[in-house]
There are 2 protein chains.
Amino acid sequence: MAYRSPATGGASGQSGAFGASGVSGQSGVSAASGVSGQSGVSAVSGVSGPSGADGSRSVSSRLLALLDVFTAAQPELTLSEISRLADVPLSTAHRLLGELTAWGALERGPDGKYRIGLKLWELGSLAPRGLPLRDVALPLMEDLYEATHENVQLSVREGPAVVFVERISGRGAVPTLTRVGGRFAIHATGGGLVLLAHAPPEIQEQVLAEPLQTFTRYTIDSPVRLRRVLAEVRLRGYALSDRQVTEDAFTVAAPIYGHGDEVVAALSLVVNHQGAEPAHLVPLVLSTARSISRLLGAPNSQHSEDARHLRT
Amino acid sequence: MAYRSPATGGASGQSGAFGASGVSGQSGVSAASGVSGQSGVSAVSGVSGPSGADGSRSVSSRLLALLDVFTAAQPELTLSEISRLADVPLSTAHRLLGELTAWGALERGPDGKYRIGLKLWELGSLAPRGLPLRDVALPLMEDLYEATHENVQLSVREGPAVVFVERISGRGAVPTLTRVGGRFAIHATGGGLVLLAHAPPEIQEQVLAEPLQTFTRYTIDSPVRLRRVLAEVRLRGYALSDRQVTEDAFTVAAPIYGHGDEVVAALSLVVNHQGAEPAHLVPLVLSTARSISRLLGAPNSQHSEDARHLRT
DNA sequence: GGGACGCTTCCACTGACCAGAAGGGCGGCT
DNA sequence: AGCCGCCCTTCTGGTCAGTGGAAGCGTCCC
């Protein structure tokens, strides 16, 4: 049985939010290796919530734990590394990894290391909030890119974090810390602010209740200010983020609506903060976002009838 | 050396027709009517009944079987649909799906249907042959797109099939049948021919031994001709595919090399076959492919030895 | 040449998983 | 309206498949 104390060694829990690898400062808590519904990063002490507090038990959770150890920083691992990180006995890990490999979820390189297999990538590409969304948005993102040659990003919300689904960045554009498939703190990025502003109240409160990680001296770090900014975002219909992630990036972000006029994603344009002209950029982003919403079938984004023929 | 690569060994498994497995019964069969080989390249056995066979034994295989029922044609399924398709008892499916959902591999929509979750998409995005490859290639693909405004595609080989990893297509470009994350018959597409030409002999023989699915009257349908074409591709260093998939598409494809100068992917440009000028397009594709190879660290693609420091 | 490390295989034990059946809600059909 | 079928959810005991310790072996590093 699990004689190892589960909690103490904070290092055990890996998964969690792997933000930008290079970012200094305290790590983003992570934890939450359990299976409980809420990826409750917040579960700091608080309510006991004994259900599933500890250890992976069932086969499936072990299987998933094995997959969970793969991160952007460590995309290739050996058997024993996986066994240690996932806290699964070596022989069990060996067998399960063998099954995963046979199925194609994992692949083994010439060096014997395990890596995520293409089959899993194919499967993941079926996620409605992933590629299908991207497929609709990409052509219009291309247009925005060609018009500006800046960073164009598409992001969605996953719990209290923002996940980047697509990104176009020219060589001359401002460098950003984001990566497609990567997570980031929701209160810092422009797209995150849009998504948070339209998130359910409980999510907002959850974010507001936790310490706000800072990246630059401009990063929003007080709940009061964040609350005010969110209200502003809702009011104006777009978000601005001035050097809140890196010292030279200025972001304009707008919401993208789905079938039921709920916010399903955010479109953001990241430019150099020097010479940025919000008055010029905001209409560009807003109109592109609206066009994407229309393609997604958002009622409020349907113009009159002139948009009919734009459907593919 | 090192450890044996289990790659092709017993990978047969159930490469299960991933494409349009018309499981819905009903009248949906029409699509596959004309197709002899269907996409089931490997599944030769005509055992239609649920009798015997059934490899689902271990828990993990059932878990994976549950995931395997999601296809591009059916990205959202109910519990009982999944149970039927995966041939897993209802209660078992219910429990396993619950665990998958708790972990984030699946999500449930407001209608209760299951769909692939964003977490799985994030995980899949770590596949070395998926996004990382894409991240390197995309900027150069962008350049090629801006120069031509045609379809630019990036594909890799997975067993005896070709998988499309990235695709840029303008609104004015020729329509193609491909989809990012989707599979296709390897002998028909331009990128597939490149990948097959540089694939291990056993893969080539496997493809040559099976009936070659045809899409147009120009599709290569004889092993003899395919063999000749492959030799030609190796000799010239690029592949041409004239209306072999659709009646109006002309494709130029070139190999992309990795660290060890092995072919890891294919870059293809799809244009309208009318007015296509291979003499003009081939150098464009070749040079772009070579640039990507160089970024990937392919020795033979380095211009001189001064490129040493480009290695990551 | 010794030691450490990592991968693979084996096998007896046990507790986690499987499979039916029952309960309750929703929507379509007559 | 009422009926009926479909679907989802929960529960319980028996059984077997998953578990993991340990040993064998190859490789790499001191």
Side-chain angles (χ1 to χ4, degrees), chain A residues 1-4 6 12 34-37 51-67 69-70 74 76-103 105-115, chain B residues 1-7 9-11 23-26 50 54-67 69-70 74 76-103 105-115:
Chain A
M1 323 330 168
Y3 8 76
R4 14 184 123 268
S12 69
V35 285
S36 63
S51 63
D54 66 336
S56 24
R57 288 282 187 69
S58 59
V59 183
S60 24
S61 63
R62 283 203 174 99
L63 210 65
L64 298 172
L66 290 180
L67 293 176
V69 302
F70 290 91
Q74 297 263 342
E76 301 189 358
L77 298 165
T78 68
L79 167 60
S80 37
E81 284 172 334
I82 297 173
S83 167
R84 273 192 305 257
L85 290 173
D87 196 22
V88 170
L90 193 64
S91 57
T92 302
H94 177 255
R95 184 171 40 83
L96 293 179
L97 289 175
E99 298 195 52
L100 287 172
T101 306
W103 187 72
L106 297 178
E107 296 174 351
R108 303 196 68 173
D111 52 359
K113 285 191 173 184
Y114 291 90
R115 50 186 69 154
Chain B
M1 52 186 301
Y3 300 99
R4 68 180 110 253
S5 63
V23 277
S24 59
Q26 297 181 353
D54 101 32
S56 22
R57 290 280 188 72
S58 60
V59 181
S60 25
S61 64
R62 291 190 183 196
L63 208 67
L64 298 172
L66 290 180
L67 293 176
V69 302
F70 290 91
Q74 298 262 344
E76 301 188 358
L77 298 166
T78 69
L79 167 61
S80 38
E81 284 172 333
I82 298 173
S83 167
R84 273 191 306 256
L85 291 174
D87 195 23
V88 171
L90 194 64
S91 60
T92 303
H94 178 255
R95 183 171 43 83
L96 293 180
L97 288 175
E99 297 194 54
L100 287 171
T101 305
W103 186 72
L106 298 177
E107 295 174 350
R108 302 197 68 173
D111 51 359
K113 285 191 173 184
Y114 291 90
R115 49 186 69 154

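Predicted model only: the values in this text are computed from it and were never measured. Atoms considered below: every heavy atom in the structure, side chains included; atoms not considered: hydrogens, waters and symmetry mates.
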Q) Rounded to whole angstrom units, what separation is found between the NZ atom of Lys113(B) and the P atom of dC6(D)? A) 16 Å
Q: Compare all side-chain heavy atoms of Tyr114(A) with those of Leu66(A) and state whether any distance is below 4.5 angstrom.
A: no
Q. Roughly how many Å is it from CG in Asp111(B) to P in dC26(C), rounded to a whole number?
A. 15 Å
Q: Could you tell me the separation between the CD atom of Glu99(B) and the P atom of dT9(D), rounded to a whole number of Å?
A: 15 Å
Q. Near DNA chain D, which residues from residues 91-98 of chain A have a heavy atom under 4.0 Å away?
A. Ser91(A), Thr92(A), Arg95(A)
Q: Determine the minimum heavy-atom distance between Glu99(B) and Ser60(A), stating which atoms define it.
A: OE1-OG, 2.6 Å
Q: Return the nearest nucleotide to the side chain of Leu90(B); candidates are dC8(D), dT19(D), dC7(C).
A: dC8(D)
**Q.** Heavy-atom pair with the smallest gap, counting every atom of Asp111(B) and Glu76(B)
**A.** OD2-OE1, 4.2 Å
Q: Whole angstrom is fine here: how far is it from CG in Leu79(A) over to P in dC7(C)?
A: 5 Å
**Q.** Gap between atoms CD and P, on Glu81(A) and dC5(C) respectively (whole Å)
**A.** 13 Å
Q. Taking only side-chain nitrogens and oxygens of Arg62(A), does any of them come within less than 4.0 Å of OP1 or OP2 of dG20(D)?
A. yes
**Q.** Whole-Å distance separating the CZ atom of Arg108(A) from the P atom of dT8(C)
**A.** 4 Å
Review item, side-chain donor-acceptor pairs of residues 79-86 of chain A, under 3.5 Å, at least two apart:
unit_1	atom_1	unit_2	atom_2	d
Ser80(A)	OG	Thr78(A)	OG1	3.4
Glu81(A)	OE1	Thr78(A)	N	2.8
Glu81(A)	OE1	Thr78(A)	OG1	3.4
Ser83(A)	OG	Val88(A)	O	2.6

Q: Locate the shortest heavy-atom distance separating Arg62(B) from Pro89(B); write the atom from each residue and the value.
A: NH1-CD, 4.2 Å
Q: Using atom CD1 of Ile82(B) as one end and atom C1' of dC7(D) as the other, report the distance to the nearest whole Å.
A: 13 Å
Q: Rounded to the nearest 0.5 Å, what's the gap from NZ on Lys113(A) to CG on Leu77(A)? Could you check?
A: 7.5 Å
Q | Length of the CG-P vector between Leu100(A) and dG18(D), whole Å | A | 13 Å
